[in-house]
Number of protein chains: 2
Amino acid sequence: MNKTSEQKQQIKLAVDCIIFGFNNNRLELLLIHRGFEPEKGKWSLIGGFVGNDEDLDDAANRVLYDLSGLENIYMEQVRTFGKADRDSSGRVVSTTYSAMILKSEYNEERVGKYDAKWFPLDELPELIFDHDEMVGSAVRRLRRRVRNFPIAFNLLPAKFTLPQLQMLYEGILSETLDKRNFRRKVSQMNYLVRLEEKDMSESRKGAYFYTFDEELYKKELNFNL
Amino acid sequence: MNKTSEQKQQIKLAVDCIIFGFNNNRLELLLIHRGFEPEKGKWSLIGGFVGNDEDLDDAANRVLYDLSGLENIYMEQVRTFGKADRDSSGRVVSTTYSAMILKSEYNEERVGKYDAKWFPLDELPELIFDHDEMVGSAVRRLRRRVRNFPIAFNLLPAKFTLPQLQMLYEGILSETLDKRNFRRKVSQMNYLVRLEEKDMSESRKGAYFYTFDEELYKKELNFNL
DNA sequence: ATTTACAAGTGTTTATTGTACACTTGTAAA
DNA sequence: TTTACAAGTGTACAATAAACACTTGTAAAT
């Protein structure tokens with residue numbers, strides 16, 4: 001910025017969080033029920049205003065904690081929405097952040113306390129303001145990034161099976177993947193290590209558990225699915 | 001956003017424009033000389049505050065016009081910088097936009113009026129605040145996008161030669177490209193149409209002029225270099 | 001003990017795309 | 001007529017992506 005402003009600026013700055021989870025082989029979104037006007041009763045992203053002395057990134061994390069109890073979640077900025085009339089309650093510019101979390105660790109019980117709810121991506125309720133656009137851009141970004149960075153593991157437990165991983169990818173990308181091609185690529189990633197233990201809950205044969213080894217990944221830094 | 005704010009928010013919202021040009025086979029950046037404190041005398045991006053009833057995108061265009069005279073420039077949002085202490089003059093959050101323009105249409109004469117100046121990307125002066133970070137992220141985004149979208153043509157005149165185009169790409173990516181491989185890819189793009197006319201200024205033989213046909217491109221929508 | 005049901009697991013072939021590499025051509029100027 | 005020089009052209013090899021079907025291991029049922 002550079003020029004001295006003419007008259008007092010009256011714009012509020014907010015953040016909105018797009019929280020992805022994975023359940024029943026579908027990508028889900030955490031929304032909260034809006035308990036006040038305007039748009040009372042509709043659903044919205046987890047959002048709030050930025051504090052005067054708060055880094056924008058910190059604001060996103062604080063707002064997420066305040067409204068959902070979720071802590072220490074790694075979020076990334078997506079983009080900023082700044083249409084003058086986007087929020088019917090006044091002039092608000094909002095920067096979106098997104099994160100992927102393990103839904104099973106944020107289950108119905110904890111969710112209920114905050115009037116929050118998980119929705120499958122293709123069954124979203126009506127959202128306030130331009131939150132559907134926000135979701136759209138976050139999903140597009142997720143689909144782009146999930147192919148080149150090992151970020152999808154955030155949606156799975158520390159131990160997961162390859163069928164699980166593949167279904168996760170199919171859910172995110174909403175396309176089916178060839179099992180053998182998928183597994184070939186996975187087997188080239190040395191940082192995906194197979195454990196001795198098997199998951200016997202989904203089949204008679206059982207599927208080997210794998211883990212994502214962060215340290216090993218840092219040595220290669222390449223990922224492609 | 002969702003929660004009612006506790007105390008009055010005092011954050012100013014700004015935009016900063018990263019304007020790319022191409023000259024002498026190098027990527028350049030348009031900067032303006034800062035004529036006031038703080039950081040007086042240093043160079044900065046073209047930036048200013050967002051108006052109360054102004055769309056964020058419009059603010060970027062208006063600021064660009066006010067400070068450089070450039071009009072009808074297509075800009076895209078890059079990202080938003082929001083560290084609490086990023087601007088030493090107070091709390092300012094700034095969203096960056098970038099554009100590519102034809103440097104020859106914005107020459108020394110017009111530039112001078114605005115105390116602006118073109119700098120090759122690898123010879124940038126010291127910039128104020130976090131503007132170097134802003135430039136970095138815009139350059140990374142440019143390098144990513146220039147391979148998959150026909151955006152680099154904005155940096156060239158309507159008629160250009162293939163040697164020119166290749167040098168442009170080499171300048172942007174800062175790597176050398178194989179001439180034959182480059183030209184093979186170009187020749188697969190039917191929307192890059194060869195004219196009868198040749199540019200005789202750079203060689204005895206002369207190089208054919210080409211143009212980018214927007215309408216034809218829209219039918220294919222695929223680009224890869 | 002044997003059979004059944006079923007998801008987990010495994011290789012090969014073909015097509016597509018990327019990469020490396022060197023000579024010929026057309027023209028203006030000498 | 002020769003020279004200088006950038007523009008222009010094709011082929012072979014390597015790497016990556018995509019298509020495709022059968023075998024294996026185990027628990028449960030008989």
As a quick check of understanding, evaluate ring pair (Phe, Tyr, Trp, His ring centres under 6.0 Å) for A/Phe153 and A/Phe160, giving each step before the final call. CA-CA 9 Å; A/Phe153 303 105; A/Phe160 53 86; 5.5 Å; yes
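Summary of the strand contacts: B/Gly206 and B/Asn224 both lie near DNA chain C, and taking for each the nucleotide with the nearest heavy atom, the more 5' one is attributed to B/Asn224. Residue A/Arg184 is the one, among A/Arg184 and A/Lys198, whose nearest nucleotide of DNA chain D lies closer to the 5' end (criterion: closest heavy atom).
Residues of residues 158-179 of chain A having a heavy atom closer than 4.0 Å to DNA chain D, listed by number: A/Asp178.
Side-chain contact check for A/Tyr106 versus A/Leu30: some heavy-atom pair is nearer than 4.5 Å. Put simply, the side chain of A/Thr80 reaches to within 4.5 Å of the side chain of B/Leu56, judged on heavy atoms. Contact of the A/Leu192 side chain with the A/Phe212 side chain is registered, since non-hydrogen atoms from C-beta on lie closer than 4.5 Å. Side-chain contact between A/Ile101 and A/Phe20: absent, with no pair of heavy atoms (C-beta onward) separated by less than 4.5 Å. For the pair B/Leu168/B/Asn25, no side-chain contact is recorded, criterion being any heavy-atom separation below 4.5 Å from C-beta on.
Because its NZ or CZ atom is not both nearer than 6.0 Å to the ring centre of B/Tyr65 and within 45° of the ring axis, B/Arg62 does not count as a cation-pi partner of that residue.
With rounding to the nearest 0.5 Å, the separation of CD in A/Glu214 from OH in A/Tyr191 is 11.0 Å.
Between the side chains of A/Tyr217 and A/Glu215, no donor N or O sits under 3.5 Å from an acceptor N or O.
Considering only residues two or more places apart in sequence or on other chains, B/Glu175 meets the salt bridge (charged side-chain N to carboxylate O under 4.0 Å, His left out) condition with B/Arg147.
Other residues, nucleotides and ligands contribute only 12 or fewer heavy atoms inside 6.0 Å of the NZ atom of A/Lys83. Atom CD of B/Glu123 is surrounded by more than 12 heavy atoms from other residues, nucleotides or ligands within 6.0 Å.
Rounding to whole angstrom units, CG of residue B/Asn181 and P of D/dA15 are separated by 15 Å.
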How would DNA chain C look in dot-bracket form, 5' to 3', counting Watson-Crick and G-U wobble pairs with both distances under 3.5 Å and writing | for bases paired to another strand? ||||||||||||||||||||||||||||||
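Within the structure, every pair that satisfies the side-chain hydrogen bond (donor to acceptor under 3.5 Å, both in side chains) test and touches residues 197-206 of chain A, not counting sequence neighbours, is listed here: A/Lys159-A/Glu197, A/Asp199-A/Ser201.
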Give every pair of a protein N or O atom and an N or O atom of nucleotides 27-30 of chain D that lie under 3.5 Å apart, one pair per line with the distance.
none

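For DNA chain C, the contact window with chain A, defined by any atom under 4.0 Å from a protein heavy atom, covers C/dA5 to C/dT12 in 5' to 3' order.
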